[in-house]
There are 2 protein chains.
Amino acid sequence: MKDNPPRRTGGRAARRASRAAPLDDAIRPVRPGMECDALKVLSQTDILKIHNAALQVLEEIGLADAPQSGIDHMTRAGAIHGTDGRMRFPRALVEDTVAHANRQIMLYSRDGKRDLELSGNRVHYGTAGAAVNMVDVDGRNYRDSTLQDLHDAARITDRLDNIHFLQRPMVPRDITDSREMDLNTLYACTAGTTKHVGVSFSDPSHVADAFEMLHLIAGGEAEWRARPFVSNSNCFVVPPMKFATEACQTMELCIEGGMPVLLLSAGMAGATTPSTIAGAIVQSVAECLAGLVYVNAVRPGAPAIFGTWPFGLDLRSGAMTGGSGEQALLSAGCAQMHKFYGLPGGAVGGITDAKLPDMQAGWESMCSNVMAGLSGLNMVYEAAGMHASLLGFCHESLILGDDLIGHALRCVRGIEVDDETLAVEQIREVCLQGPGHYLGMGQTLARMQRDYVYPSTGERMSPKEWVEKDKPDLNQSAIRRKEAILSEPSLARFDPLTDRAIRDRFKIHLAG
Amino acid sequence: MKDNPPRRTGGRAARRASRAAPLDDAIRPVRPGMECDALKVLSQTDILKIHNAALQVLEEIGLADAPQSGIDHMTRAGAIHGTDGRMRFPRALVEDTVAHANRQIMLYSRDGKRDLELSGNRVHYGTAGAAVNMVDVDGRNYRDSTLQDLHDAARITDRLDNIHFLQRPMVPRDITDSREMDLNTLYACTAGTTKHVGVSFSDPSHVADAFEMLHLIAGGEAEWRARPFVSNSNCFVVPPMKFATEACQTMELCIEGGMPVLLLSAGMAGATTPSTIAGAIVQSVAECLAGLVYVNAVRPGAPAIFGTWPFGLDLRSGAMTGGSGEQALLSAGCAQMHKFYGLPGGAVGGITDAKLPDMQAGWESMCSNVMAGLSGLNMVYEAAGMHASLLGFCHESLILGDDLIGHALRCVRGIEVDDETLAVEQIREVCLQGPGHYLGMGQTLARMQRDYVYPSTGERMSPKEWVEKDKPDLNQSAIRRKEAILSEPSLARFDPLTDRAIRDRFKIHLAG
């Protein structure tokens, strides 16, 4: 600071010139994989209690319904298959598995530019879910979601800086055959974005076809295995504490094919897990630890994301709710358990119970998203677009979610404290020699873009300007942005030869 | 747990019976003054750097423009009035002041039931500000705010559980005389709610009249001094680093009259404080420390709230923005500085830049509110109702803010971890002996109300139910709730004799 005294420049004109310059990627104020561990909703004592309770549950209660292949894998690793059909896990087996599991997972992008490294406190936000409705904002209506809706969601995601991955957020209900649904879902997602994609398979028998398509897209099996750009979102467990037999078989096939697995335990607090937040976390952690033993018994070190996804429940109605404060605590608590184990993990954020992108949607989505990020959650699933407690997906909310998550990411980035940012010499100059304000200071201008996040669709007009601009409506602005994105050609589309090969081999429902 | 095995009851019927019972205050899931310190956006090293920078600023740069009375008070305490007119504060003076300042402030309610204890990590949310516009949600319009609007805001606040205090949020622009404006503001607020009220005075000469009114309301000066139910929001400083001469005189009078003071430093990062978050906090802390020395020089131990309110600025336009991620970090960082000093403190949360209660309003308001609460901020000002970067106040957003803050408070309450909540025995029973789910468990029912926060105006309907109920609009629901509250008589109104005495003495613009 002393060697390089603050430079005063031309104020408003300089600010204008400075903001006209394109934003260099290197000074983008937020980006995928920023690290944060500022929020700790659990104390270290709490974490140990949850850990010990989970180990007790695994050792004494265990999980039912493993497929025979899983029984073989897990008993070989040291689990105990009881006469009551439940698989129990000695404490030492679980601890050894945690110690040797894969702690740094790369989720590859197809374009090679947007890979996600899952480790430490690195935070990423993306979509997920299985909504069955598409939210029509202009018509205030819910209708069946379609394959085109899903493809459009992928195309929109591809263009939004703060949506870091696309896990399949909705089900194409215009496709009735379950095999065609899985394969077209894979096509619609990967043809819409080169960011990392997550899908699920409704039957183990669909997996081979999916790999065939992925090898076509990648240009060969070796190319696919070198950079797997699709992962398998796998509901390997039916809470409480039962393996999902067929999903486990799917999981084994995915591991063998080199696909990263999201070990997804989706309990509902008060229905399929205990109603207490701590109890829901205990059970989710126990289930995911069982899944981790399973994965590592199939292939040691196979990439598996610790997917504790406990959901909230409205106990008055018995219906799911994803937009509560309890939900934000569930996911933030899970994030801390992932850190305790040092395992790449994911949980849910961003869900709203509101039907439309209204103020409730905003507050619910922000609360869980920002708390997840501040907790260092590696993968925040369902972070944008999810309405009606996961039943509806909304393109406009996805677009608004990009602003919302950018805002959350600014909080994740945190506060830089050093001699320059403490700014004692700036204060001295402004108060004792300067103009009495900081607007024209060189430091202010230099930081205008690299320190501050500005909304894209959200606005900051004065009431006067707002009136002059005919009082723009936020949702209408989002609709316009959606239409602009969808009117442009998708950059993620496959080259014509590849696309031809895929279409020759599979029945693709999207128009070519 | 073992002595009192889980009781299974009749499921849905039992849930219905249980939720029909009125909610006992003792089991309310959230309440004012809950404690939290889960969020730490600053490390201990960062905090010490900021502290030392603030001390350096006070010692070397100091503050200009103290009134003569303040110069006398502060030099007597040990501050140094320089030949350049600036008051400088030796490190030891500041440290001694912090050590001996009032660390536990009661903000009294008029009804005696809703007092706020400011200490430790106890969190309270309320209104504040000086909006000049009233947001008309139905008409999508901004118009001048009036005394009736202010009184209505007080009446609505009185009825909302999660709005814990009413600091004057808007200016009655239908009153042109500044003395009448101050006195009618005091009347409109206190006649609308028995919760603690905050007001400001635009001129020291108004303070005596205000005390006269307060003594009338309280039933005498002794009664007022025993339980001062109004505090003075005092902009004692004009950032950067200048005392606001007249506000300081007002402050001295308020201290003498037994009124708690909010030491409000309202800088704008990039204009009147450095643009960096750390620098803005340094300057705000320095200014409030100077204010604290001043207050304690006037009367040792006088109740003063450490009001670091740095605001964000949109550096592209030079206009204020209160809805950014940077704003959330500013306030969360300030909260940690309050904890470091062990002083009751306040900062801003909840502000939105949006013009109407839309999704942007929701996400912006939640981000700063929940981060403030998780940081243990004692007083979260401007927490509800504030639009257009503080230029507009909205009754409907105040009502929706009650839900939003209830949600944030649920996060503040955090996760209880003990043998009961860990629920190992519940998991064992459900998995090994029970029905395979937790819905009917006694523990689930018992916690339905005391653990979970339900929205009042927000909704959690399924899409089907939403259609059946004619797709209710959130803002229309808020309008209906507003109309219902305002159609009922105010419980805060003064008794007729007191009201008569006030009206005989002062020109009250509100109809009797």
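Here is how names work: the chains are called A, B, and so on, in the same order as the sequence lines, proteins then strands, and each is numbered from 1.
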If one checks every heavy atom of B/Leu356 against chain A at 4.5 Å, the contacting part turns out to be side chain
Looking only at heavy atoms, the pair that brings A/Ile427 and B/Gly279 closest together is CD1-O, 4.4 Å
The interface call for B/Ala271 against chain A, heavy-atom contacts under 4.5 Å, is both
Okay, B/Pro239 and chain A: the region with an atom under 4.5 Å from a heavy atom over there is neither
Whatever's closer than 4.5 Å to a heavy atom in chain A on B/Gln56 counts as side chain
Interface check, chain B: of A/Cys411, A/Ala354, A/Ala332, most non-hydrogen pairs under 4.5 Å belong to A/Cys411
query = Does B/Glu326 use its side chain to pair, donor to acceptor, with the backbone of A/Arg410 at less than 3.5 Å?
reply = no
SG of B/Cys431 to CG of A/Leu63, rounded to nearest 0.5 Å, is 8.0 Å
Residue from A/Met359, A/Gln283, A/Glu416, A/Arg413 scoring the most non-hydrogen pairs under 4.5 Å with chain B is A/Met359
Honestly, the part of A/Leu409 sitting under 4.5 Å from a heavy atom of chain B is neither
Note: vs chain B, highest number of non-hydrogen pairs under 4.5 angstrom among A/Gly406, A/Pro463, A/Ala361 is A/Pro463
When every non-hydrogen atom of A/Thr276 is compared with those of B/Ala423, the smallest separation belongs to OG1-CB, 4.3 Å
Cut-off 4.5 Å, heavy atoms of chain B, and the answer for A/Glu364 is both
Bottom line for A/Asn475: the part with an atom under 4.5 Å from chain B's heavy atoms is neither
The interface call for A/Leu432 against chain B, heavy-atom contacts under 4.5 Å, is side chain
Nearest heavy-atom contact between B/Ser324 and A/Arg460 is CB-NH2, 3.4 Å
Note: vs chain B, highest number of non-hydrogen pairs under 4.5 angstrom among A/Thr273, A/Leu400, A/Asp451, A/Leu42 is A/Thr273
Q) Are any side-chain N or O atoms of B/Arg428 and backbone N or O atoms of A/Ile61, one a donor and one an acceptor, separated by less than 3.5 Å? A) no
The interface call for B/Asn369 against chain A, heavy-atom contacts under 4.5 Å, is neither
When the 4.5 angstrom heavy-atom criterion is applied to B/Leu374 and chain A, the contacting part is side chain
Looking only at heavy atoms, the pair that brings B/Gly458 and A/Gln360 closest together is CA-OE1, 3.4 Å
Looking only at A/Val370, A/Leu391, A/Asp314, the option with the highest number of non-hydrogen pairs under 4.5 Å against chain B is A/Asp314
If one checks every heavy atom of A/Val430 against chain B at 4.5 Å, the contacting part turns out to be side chain
Okay, B/Ala269 and chain A: the region with an atom under 4.5 Å from a heavy atom over there is both
Of the listed A/Val282, A/Leu404, A/Asp37, the one with the largest count of heavy-atom pairs under 4.5 Å with chain B is A/Leu404
Under 4.5 Å to a heavy atom of chain B? For A/Ala319 that would be neither
Tightest non-hydrogen contact, residues A/Gly139 and B/Lys471, listed as O-NZ, 4.4 Å
Whatever's closer than 4.5 Å to a heavy atom in chain B on A/Arg86 counts as side chain
Closest heavy-atom pair, A/Gly333 versus B/Ile415, reported as atoms and distance to 0.1 Å, is CA-CD1, 4.2 Å
Greatest number of non-hydrogen atom pairs under 4.5 angstrom with chain A, of B/Leu422, B/Asp353, B/Asp46, B/Val424, falls to B/Leu422
(Q) I'd like to know if A/Asp418 pairs up with B/Lys49 as an ion pair, taking the criterion as any Lys NZ or Arg NE/NH1/NH2 lying under 4.0 Å from an Asp or Glu carboxylate oxygen. (A) no
Under 4.5 Å to a heavy atom of chain A? For B/Met461 that would be both
So, the part of A/Met268 with a heavy atom under 4.5 Å from chain B: the answer is neither
Cut-off 4.5 Å, heavy atoms of chain B, and the answer for A/Leu313 is both
